[in-house]
Amino acid sequence: MNPEFQRNLWLEASPRRIAWALVAVTLVYGAVFLAVHGDMRLAGPALATAGTAVFLVCAGLWGARAAGSAVLAEIAERTWDFQRLSALTPWQMTWGKLFGATSLAWVCGLTGLAAMVPALVSPDSAVDVWEIAFFVALALLFQALSFGAALIGVRKARAEGRAARSGGVLGGLLIGLFLLSSVAGSVGFQHGAGLDWISHVLGGRGFIPWWIGYHPAPVFRALSVAAFALFALAGAWRVMRLELQMRNAPLVWPGFLGFLAVFVGGFPFRHGGLAASLLAAGLAVALCAYAAAFAEPADRVHLRRFAAAARRRDLAAAGPLAPAALTPLAFSVLLIAAALAAGGLQAAQLWQGAALTAFVARDLGVIAYFRLGPQPQRGDFGAVVALALLYAVGGIVGASLGHGAGRALFAPLPDAPTASLVSGLVQAGVAWVLASRRLNVPRSAPASAPAS
Amino acid sequence: MIEVSDVVYDYATTRALKGVSFSVKTGAVLALVGPNGAGKTTLLRCIAALDAPTEGRVTVAGLDTQEDPRGVHAALGYLPDFFGLYDELSVRRCLIYAARSRGVAEKDAGAAAEAAAARVQLSDRLEARAGELSRGLRQRLAIGQTIVHKPRALLLDEPAAGLDPEARRNLSDLILRLSAEGMTIIVSSHILAELEDYATQMLMIRDGQVAGGGVVAAGGGVRDGMRIAATFTDPPADLAERLRALGIEIERTDGEATIIVAPEGADDAETLARLVGAGLKVRAFQPARRTLEDAYLAQVAR
């Protein structure tokens, strides 16, 4: 047995804990059965509903929390270096921790799935196998995201000289997604085409239009979430490799961006054609650059090494050291250029797409500038505040200069997309010059007096 | 066994190591000494392949820490200054997990755990929870976990911090036993006295650089040149002049004792005979031993 999985089982799923957990869920199902007065016709659907809730709460929420804690507890208890010195492979560490730490949550969650099974055979039931597959994939996605976010948090905290916090990265990811979708929606960017896939995945009903066909929503949702869950698991494994001092060839991250582009591009295809698909894919991929810029440790040493390898044109050395945000930035530029080549879009839309990449480059420069500052532990917050000020105050200043064209100087808007593009490029240049100045070689550490 | 070449390590705003180079031979017990903040822990973490040096190269048992970090992890054991244990697990399970996670086969893990427990004298506590152990016993368990896979090199960072005198003595005995078994050991500390009993070599790190002459022989009770600690009853006021007339120089006084430097070529018996022959009342006569602190101070003075 995988020793990491076994150790987690020793700690998390002792017979005593399993017994108590089963008593608790049995009480839940018993209460539901009593609530329908023992009516067997009503008991099946009621238990299926309760089972769904139990599964989502246990495997989804509790499991996600346990998965994140699997790493953060090691930090808090000062056992993480001991783990990093083990001879286990990164994959053994990943699955051993992920499924070991969540073992009790899965035991309880599986009782929920068991409670849903009788409803499967009922002809008038809304529950089907694909729905169960969706729930299982969703739980795995939550857990893998939480686990990966915890690993990222540990790496960020180490680079920034602070203690790793529970849920910091995951919370930041969710807040960032919400803010970006709000901004994108409020400015009417491409009619939110780059983000509407989220509603399709989470709430789609009937048939979902995607590329050339219409796909049954339950099947599409289950397979989509399963694919994202597998990428989340692969991402966690890759970060674990880095924690164990191994190097990653740039494979999984570009692979995920490619998958995301294909996935997101499929939704606007039927209405807008290939150009709209490429543009939507470009937007989604560009948003990943923000996630990557915040998720990567603010490690000046790492960036110096990358810069040195790039100056030597040593691509083999530079590739694994490349900042994660570079790939989505370059990929989004390619997608937008492809959209331009594909034709069928209004010129303003395309220029706006190009301006978007310029502003993404500026924002990445601003993020780098703040995160590479003398107090990197405050860098994330400083970068968020700076970006908010640039867009909010810039918008007000721009509006005073001229409502449409003026605002376009401070955001990639369709009113004056050429001005947006030029302004974005100039601002990006300034931001990156300032950020690069913070990559200087450090001075020596002071030492205290010896003791004897 | 351990080769460190031109290692530079940068933190975000400070350069912690500035071109450190040295090597440690198989079976040596190297005392890594220096003031707080000198870079000892950073250096140990680079050797343990937990952190990658910004520049330079580290090899352990012929394995490069950056090319084969997992191979290095398997070849050594590292106990950080602040370590944790799985408090809810029994000592036996802690050791079995440590053995399994360090590549010991499942069928051999139980025996390896019991052997490690015996080496750190915890055989009678195998079923106790780690969280119930005292500070000294926790230290022993942590070392047990570190050596359960019989590593070829052992790195200990401030291992005696917080231990009582008895636990320190046990730790010294354990390090001597492991050294006698052929293990290469690096022990970091800024308290020189605790390294005195077992260190065979010393490396001083100061301000991120190797200070003194690199790896040097530690004190270890070696005769300190021609120095002798002599104690006189009713020493005369002109003691220094009288000794100089005998060809003996006073180096310093250390409490009641006077540290004298015997004439070149004279053995201890001859020196003692000269003192007694000159009418001095010699109450104690002890050839001086070179301590780690002497070696440290000698390196500082270079």
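Keep in mind it's a predicted model, so treat the numbers as computed, not measured. Numbered from 1 within each chain, the chains take letters A, B, ... in sequence-line order.
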Enquirer: Are side-chain heavy atoms of B:Arg70 and A:Thr89 found at a separation under 4.5 Å?
Expert: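 They are not in side-chain contact.
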
Enquirer: Check each atom of B:Ala142 against the heavy atoms of chain A and say whether the ones under 4.5 Å are side chain, backbone, both or neither.
Expert: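 Contact with chain A is absent: no heavy atom of B:Ala142 under 4.5 Å.
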
Enquirer: Hey, which of A:Asp299, A:Leu11, A:Asn2, A:Leu372 has the most heavy atom pairs under 4.5 Å with chain B?
Expert: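 Winner by heavy-atom pair count: A:Leu11.
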
Enquirer: How close do A:Arg7 and B:Leu89 get, counting heavy atoms only, and between which atoms?
Expert: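 Shortest heavy-atom contact: CG-CD1, 4.0 Å.
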
Enquirer: Between the main-chain N or O of B:Thr54 and the side-chain N or O of A:Arg304, is there a donor-acceptor pair closer than 3.5 Å?
Expert: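 Side chain of A:Arg304 to backbone of B:Thr54, a donor-acceptor pair under 3.5 Å: no, none is there.
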
Enquirer: Apply salt bridge (charged side-chain N to carboxylate O under 4.0 Å, His left out) to the pair B:Asp10 and A:Arg300, showing each step before the final yes or no.
Expert: CA-CA 9 Å; B:Asp10 288 344; A:Arg300 275 186 260 204; over 6 Å; no

Enquirer: Counting neighbours of CZ on A:Arg65 that are heavy atoms of other residues, nucleotides or ligands and sit closer than 6.0 Å, is the number greater than 12?
Expert: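 For A:Arg65, atom CZ is not crowded (no more than 12 foreign heavy atoms under 6.0 Å).
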
Enquirer: Can you check whether B:Gln66 reaches A:Gln245 side chain to side chain, under 4.5 Å on heavy atoms?
Expert: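 SC-SC contact between B:Gln66 and A:Gln245 ruled out.
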
Enquirer: Out of B:Pro69, B:Gly39, B:Ala49, B:Ser101, which one racks up the most heavy-atom pairs below 4.5 Å with chain A?
Expert: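 Looking at each of B:Pro69, B:Gly39, B:Ala49, B:Ser101 in turn, B:Ser101 comes out on top.
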
Enquirer: Which distance, rounded to the nearest 0.5 Å, do you find between the CZ of A:Arg158 and the CG of B:Asp51?
Expert: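 Here the rounded value is 7.0 Å.
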
Enquirer: Side chain from CB out, backbone as N, CA, C, O: work out which of these in B:Arg93 comes under 4.5 Å of a heavy atom of chain A, or both, or neither.
Expert: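 Both parts, backbone and side chain.
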
Enquirer: Is there a donor-acceptor pair under 3.5 Å between the side chain of A:Arg84 and the backbone N or O of B:Leu50?
Expert: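 Answer holds: yes.
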
Enquirer: I need the minimum non-hydrogen distance between A:Leu244 and B:His73, along with the two atoms involved.
Expert: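 Looking at all heavy atoms of both residues, the closest pair is O-CE1, 4.0 Å.
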
Enquirer: Under 4.5 Å heavy-atom distance to chain A, tell me which part of B:Pro53 shows up: side chain, backbone, both or neither.
Expert: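 For B:Pro53, the backbone is the part near chain A, not the side chain.
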
Enquirer: Going from CG on A:Leu85 to OG1 on B:Thr146, what distance comes out if it is rounded to the nearest 0.5 angstrom?
Expert: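 Reported to 0.5 Å precision, the distance equals 8.5 Å.
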
Enquirer: Is it the side chain or the backbone of B:Ala52 that comes within 4.5 Å of chain A heavy atoms, both, or neither?
Expert: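 The answer is both parts of B:Ala52.
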
Enquirer: What pair of heavy atoms forms the shortest contact from B:Arg102 to A:Phe82, and how long is it?
Expert: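 What the structure gives for the nearest pair is NH2-O, 2.6 Å.
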
Enquirer: What closest approach, in Å, do B:Tyr11 and A:Val301 show between heavy atoms, and which atom pair accounts for it?
Expert: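 For B:Tyr11 and A:Val301, the tightest heavy-atom pair comes out as O-CG2, 4.3 Å.
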
Enquirer: If you count the non-hydrogen atoms of other residues, nucleotides and ligands that lie under 6.0 Å from CZ in A:Arg241, is the total more than 12?
Expert: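 Yes, enclosed.
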
Enquirer: Go through the atoms of A:Gln92 and report whether side chain, backbone, both or neither lie under 4.5 Å from a heavy atom of chain B.
Expert: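 Contact with chain B: none, neither part.
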
Enquirer: For A:Ala322, give me all partners under side-chain contact (heavy atoms from CB on, under 4.5 Å), at least two apart in sequence or on another chain.
Expert: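 Expected list: A:Phe306.
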
Enquirer: Can you pull out every ring-ring contact (aromatic ring centres under 6.0 Å, His included) where at least one residue sits in residues 74-97 of chain B? Sequence neighbours excluded, please.
Expert: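 Every ring-ring contact (aromatic ring centres under 6.0 Å, His included) pair that includes a residue of residues 74-97 of chain B, provided the two are not neighbours, is B:Tyr86-B:Tyr97.
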
Enquirer: Give a yes or no on whether the backbone of A:Met1 and the side-chain of B:Arg100 come within a donor-acceptor separation of less than 3.5 Å.
Expert: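 A pair under 3.5 Å: yes.
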
Enquirer: Does any heavy atom of chain A fall under 4.5 Å from the side chain of B:Leu79, the backbone, both, or neither of them?
Expert: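 For B:Leu79, there is no contact with chain A at all, as no heavy atom is under 4.5 Å.
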
Enquirer: With rounding to the nearest 0.5 Å, note down the distance linking OG in B:Ser90 to CH2 in A:Trp10.
Expert: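 Reported to 0.5 Å precision, the distance equals 7.5 Å.
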
Enquirer: Among B:Glu55, B:Glu88, B:Gln145, which residue forms the greatest number of heavy-atom pairs with chain A at distances under 4.5 Å?
Expert: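 Highest number of heavy-atom pairs under 4.5 Å: B:Gln145.
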
